[in-house]
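Structure first, then comments.
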Amino acid sequence: PQYKEISSPTTSVGASLKENKFKKVEHAHPMLSLANSYNIGEIVDFIERIKKRIPKEQELKYCLEVKLDGLSISLTYRQGKLVRAVTRGDGLIGEDVTENILEIASIVKTLPQDIDMEIRGEVVLPLANFEKLNNERLEKGEELFANPRNAASGTLRQLDSKIVKERGLDAYFYFLVEADKLGLKSHSESIKFLESMGIKTTGIFELLETSKEIEKRIDYWEKERENLPYETDGLVIKVDEINLWNEIGYTSKTPRWAIAYKFPAHQVSTILNDVTWQVGRTGKLTPVAELEEVELSGSKVKRASLHNISEIQRKDIRIGDRVFIEKAAEIIPQVVKSIKEDRTGNEKIIEEPVNCPVCNHKLEREEGLVDIKCVNEECPAKVQGEIEYFVSRDALNIEGLGDKVVATLYEQGIISHTIDLFSLEREKLIDLDRMGEKSVDNLLTAIENSKNSTLDKVIYALGILNVGKKAAKILAEKYLNLTTLMTAT
Ligand code: IVH
């Protein structure tokens with residue numbers, strides 16, 4: 001037992017001990033939060049308040065760094081070994097997420113020195129991984145994560161640690177607890193020390209002396225943050241000299257020697273030209289704003305989400321309105337509000353559709369629910385959505401059947417239901433445009449192989465309302481085959 005190491009692969013092989021996940025743990029040092037500021041004036045005030053609390057002749061340096069928008073985490077090392085990772089929780093008691101943190105590739109499990117230390121940082125889902133994850137969810141008809149922060153939080157709380165690795169969670173560190181006890185005199189030195197231990201940081205720690213300098217760097221980072229691989233919601237400014245921290249002091253929740261500066265949200269205004277209604281796999285209609293093209297956070301935008309009809313009514317958004325659109329972290333921009341003062345009187349109220357825009361069938365709305373639905377089982381939009389879902393990665397995982405191929409097969413009348421995939425004729429496929437012999441054979445093999453899918457994937461692939469991956473697993477384990485499942489009461 002004396003040789004057991006928490007970072008040993010044997011701790012993460014096999015099934016996990018679910019009951020032991022996320023045990024509540026008290027922090028040895030409370031995890032503080034930061035006071036917020038929104039303009040340079042508030043930072044000037046912050047500096048003034050600090051100067052009142054320290055001797056006049058004292059020189060000060062400020063360390064400016066990016067504020068990562070993720071989840072705070074505290075790691076404890078004992079004799080150079082990572083022994084525990086705990087979430088912030090309420091600042092006093094957090095949850096033990098060690099098993100999941102160990103799946104983050106950049107996490108240092110063994111330090112180059114046998115020291116004890118506690119470090120703090122932020123768990124994030126890098127933007128590229130976030131977009132990939134949401135695109136996959138979009139394809140599968142699963143609910144999207146609103147932003148990388150939510151995605152990181154959802155991922156860190158997964159009972160199955162493998163998902164942490166799969167989705168590519170990462171972590172950056174920005175604080176060494178009791179750095180002075182390790183002989184370090186400044187925050188910037190403590191960061192260099194962490195880096196020398198191999199710990200991942202953002203590398204952005206700028207030493208500044210005046211509020212003028214701080215203001216310049218705020219302007220710089222306001223634009224430059226677009227080019228960072230992770231989401232930031234602001235900057236953090238910390239007094240660099242550690243020996244002054246106690247003198248400057250703390251409130252019950254925040255240090256007085258540090259402050260967060262929050263970036264304004266990314267918003268631009270444009271004209272709402274029209275609203276179209278998209279029909280999803282379940283028949284649900286989603287209003288889409290068709291916009292005069294604008295640039296937003298570095299990309300060109302001409303469509304945005306309007307969520308649902310009651311949101312449109314609540315915000316009183318009309319066709320022809322000048323609207324603000326926002327892309328905080330979401331991949332799909334949202335319409336935030338309309339500018340009522342700019343109305344000319346020619347704006348048109350957005351009407352709830354009566355008939356399906358795809359099949360013209362009469363639409364229905366469930367009692368008390370906001371969603372309008374096309375209930376026609378044969379609606380082409382629904383059928384194509386069902387097929388796309390059926391073949392998607394978490395379902396039967398049939399490669400070579402992307403949305404475009406599904407649309408072609410459907411439009412050409414080669415398939416009209418999911419089941420038709422299993423009686424495809426090679427000759428008909430080869431006749432299709434852009435389908436070479438090789439890709440046809442690959443597709444047919446992939447379809448053949450999908451017959452070996454596990455029961456849970458088959459259940460999931462059926463796209464039953466409220467039966468996602470997890471419910472499908474539970475049903476498969478309980479009922480063992482489709483026949484018993486279908487006769488279940
Ligand atoms: S310092 C006493 N530095 O922002 C030290 N926090 O709004 C307190 N955060 O709870 C934290 N980037 O989760 C610090 N460079 C950074 C940060 C940072 C993100 C988070 C952290 C904190 C929250 C406060």
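Every number for a ligand or one of its atoms is a count from 1 in the order of the listing.
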Ligand 1 atoms in contact with Val236 (distance to a heavy atom under 4.0 Å): 3 (N), 15 (N), 16 (C), 17 (C)
How far is atom 20 (C) of ligand 1 from the closest protein heavy atom, and which atom is that? Glu122 OE1, 3.5 Å
Nearest non-hydrogen protein atom, atom 9 (N) of ligand 1: Tyr174 OH, 3.5 Å
For Glu65, the ligand 1 atoms whose distance to one of its heavy atoms is below 4.0 Å: 3 (N), 15 (N), 16 (C)
Looking only at side-chain N and O atoms, does Glu139 offer a donor or acceptor that is under 3.5 Å from a partner on Ser392? no
Applying a strict 4.0 Å limit to heavy atoms, is Val66 in contact with ligand 1? yes
Side chains of Gln334 and Glu326: is there a donor and an acceptor less than 3.5 Å apart? no
Side chains of Glu222 and Tyr261, donor plus acceptor under 3.5 Å: yes
Quick one: are the ring centres of Tyr172 and Tyr230 less than 6.0 Å apart? yes
Tell me, which protein residue and heavy-atom name are nearest atom 24 (C) of ligand 1, and how many Å apart are they? Leu34 N, 3.6 Å
Please write down residue, atom name and distance for the protein heavy atom closest to atom 23 (C) of ligand 1. Lys67 NZ, 4.0 Å
Within ligand 1, which atoms have a heavy atom of Leu32 less than 4.0 Å away? 8 (C), 10 (O)
Tell me, with the steps shown, if Tyr460 and Tyr389 meet ring pair (Phe, Tyr, Trp, His ring centres under 6.0 Å). CA-CA 9 Å; Tyr460 174 85; Tyr389 184 82; 5.1 Å; yes
Is there a heavy atom in Lys238 that sits closer than 4.0 Å to ligand 1? yes
protein heavy-atom neighbour closest to atom 12 (N) of ligand 1 works out as Leu68 N, 3.0 Å
Does the structure place the NZ or CZ of Arg120 under 6.0 Å from the centre of the six-membered ring of Tyr174, at an angle of no more than 45° from the ring's axis? no
What do you reckon, does Pro255 put a non-hydrogen atom under 4.0 Å from ligand 1? yes
